[in-house]
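Here is how names work: the chains are called A, B, and so on, in the same order as the sequence lines, proteins then strands, and each is numbered from 1. The figures here come from the full heavy-atom set of this structure, side chains too, leaving out hydrogens, waters and symmetry mates.
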2 protein chains.
Amino acid sequence: MTSDDAAERQPSAGHQIAEAIRELILDGKLTVDQRLPGEQDLATRFGVSRPTVREALKRLAAQNLIRTRRGATGGNFVNRPTWSGAHDQLVATATLLMTMAPMPAETVAEARLSLLGACMPMAAERRGPEHLRAMRDEVARQRVADISDEDFCASDVRFHRVLVEATDNPLIAFQMAGVVEAIQPLLNMITYRERDRTRIADWNERLCDRLEARDVEGALAELSASADHTAQLAARAQEMRAAGGSGS
Amino acid sequence: MTSDDAAERQPSAGHQIAEAIRELILDGKLTVDQRLPGEQDLATRFGVSRPTVREALKRLAAQNLIRTRRGATGGNFVNRPTWSGAHDQLVATATLLMTMAPMPAETVAEARLSLLGACMPMAAERRGPEHLRAMRDEVARQRVADISDEDFCASDVRFHRVLVEATDNPLIAFQMAGVVEAIQPLLNMITYRERDRTRIADWNERLCDRLEARDVEGALAELSASADHTAQLAARAQEMRAAGGSGS
DNA sequence: CAGAATCAAATTGTCAAACAATTGATTGTT
DNA sequence: AACAATCAATTGTTTGACAATTTGATTCTG
């Protein structure tokens, strides 16, 4: 049974201990906010030294499973998973993947269109005035002539963030985090090099109008139109790159 | 400049070093498969001791950003982000959130319906015979009378895994991982306690039929119907819990 | 000369003991 | 009773050493 582990690779003690504690947390043996035994205590329990235990604890801390406090009442405590923490982690993972594992722009655009489209019915039904206002604010910001590329991208991300929050379903907002925070910037990267930012702002504004009218079909049409445009730009960019990218 | 850090909280040296190296990787200063300097080397560069550097490296290892090998040509190397690695990380995050941050079953069911629904057009268009066969295999497994709850749930997860893979868009499959691997089991948890597994299998089978016929509307209808049923069960379960949960 | 066994070197893994820094609790003082 | 100084517990960090593992060069043998 254990031959697999032994044959392949022997995980380090730190890794094993981290896994063991992780199991305890996931199985509910250690409840939220509960304090773990002290590092020295853990060291003797697991039969290793304190630095080894510390490596294991730092692994868990990197995964946001525990937090550490110094001082008299300090120690290592089980973290309560939070939406924002999980959100950040998902964004980090998705961003890394987008940055370092390039893929066809069509694939990216399609994923954005499909998943964002799934949010439209709920967003149209439940959007409140505050959502419309926030989105229109961003559109206004996007229309400023001398806005930097960076600011434009950030504004577009905020726009979409509000859009998914308008669904009033935190689970969907969480699931969409990868799309909003990683995919959308990637598409903006292609797009605003082509100086079509005005068109994007136009689409965003029309999307606001449709949501204000609670017009799901119209909103989907706007989304689809903008996706088509993005796909064309992506195709052109790829073409240019393939033909004579060094031209300019 | 440094007053911010001092005023708020002083992150540990290990944390700072991990962040610094992480930045280097994300900014492309360290390319994939590149070897980091040795631990002793890093220690002197950052002006800390070797165990401190090791804690930082273990943090990065926990995030799958680097891998470590012992021996003469060993060291710490930058990892190439992989779909499966990112997938696993996303699933871990989503599962943790589902397990330890309970939420209304309606919210969960709605998220599943919306996001899975977004996959249907592509799945219907691009599903191959191998997808249909794999899904029908799972349905057959679900119809076995004395299947364990655990096996049924695992089979249902595999069914949905194939479903999202049928979209032939790896980014969507990645984004849907949370839904398939964390949300679906949670709903099964509610559902198969009510012994409606036959009905689930029926729905899954009809879904296969619709996808075989490339009938998007029909597939969405089946999905919607099963979601309604799940919502009812969830409401009943919640009712029972609220009324006299200790009855039985 | 070719190949195999052996040894050396480089690197991470682990340990031990100690000191520093931080923070809450305690105790003493006014 | 209020407040300040001290204390104790705990994590953060350092130093130094040795063990385990892997690779590559070296040396021995046929």
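When the nucleotides D:dG24, C:dT12, D:dT11 are ranked by their closest atom to the side chain of B:Glu39, C:dT12 comes out on top. Here the side chain of A:Ser12 is nearest to one of C:dG13, D:dG12, D:dA9, namely C:dG13.
Per the geometry, CZ belonging to A:Phe46 stands 16 Å off C1' belonging to C:dT14, to the nearest Å. Between B:Lys58 atom NZ and D:dG12 atom P there is a gap of 18 Å when expressed in whole angstrom units. Distance, B:Gln40 CD to C:dG13 P: 14 Å, rounded to whole Å. The distance from atom CG of B:Asn76 to atom C1' of D:dT21 is 15 Å, rounded to the nearest whole Å. In this entry the distance linking CD of A:Gln16 with P of C:dG13 reads 13 Å, nearest Å. When the P atom of C:dA9 is taken as reference, atom CZ of B:Arg70 falls 20 Å away, rounded to whole Å.
When only modelled atom types and interatomic distance are considered, A:Asn169 and B:Thr107 share no side-chain donor-acceptor pair under 3.5 Å.
A salt bridge does not link B:Lys29 to B:Glu23: none of the charged side-chain nitrogens sits closer than 4.0 Å to a carboxylate oxygen. Salt-bridge annotation for B:Glu138 and B:Arg141: present, with a side-chain N of the basic residue lying under 4.0 Å from a carboxylate O of the acidic one.
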Distance-only donor-acceptor hits, side chain of residues 82-104 of chain A, under 3.5 Å, sequence neighbours excluded:
unit_1, atom_1, unit_2, atom_2, d
A:Thr82, OG1, A:Gly85, N, 2.9
A:Thr93, OG1, A:Gln89, O, 3.0
A:Thr95, OG1, A:Val91, O, 2.6
A:Thr99, OG1, A:Thr95, O, 2.5

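Partners of A:Asp137 by side chain to side chain donor-acceptor pair (under 3.5 Å), not counting sequence neighbours: none found.
Using a 4.5 Å heavy-atom cutoff, the side chains of B:Val53 and B:Gln40 are not in contact.
Taking a 4.0 Å limit (strictly below) on heavy-atom distances, residues 48-57 of chain B reaches DNA chain D at B:Val48, B:Ser49, B:Arg50, B:Pro51, B:Thr52.
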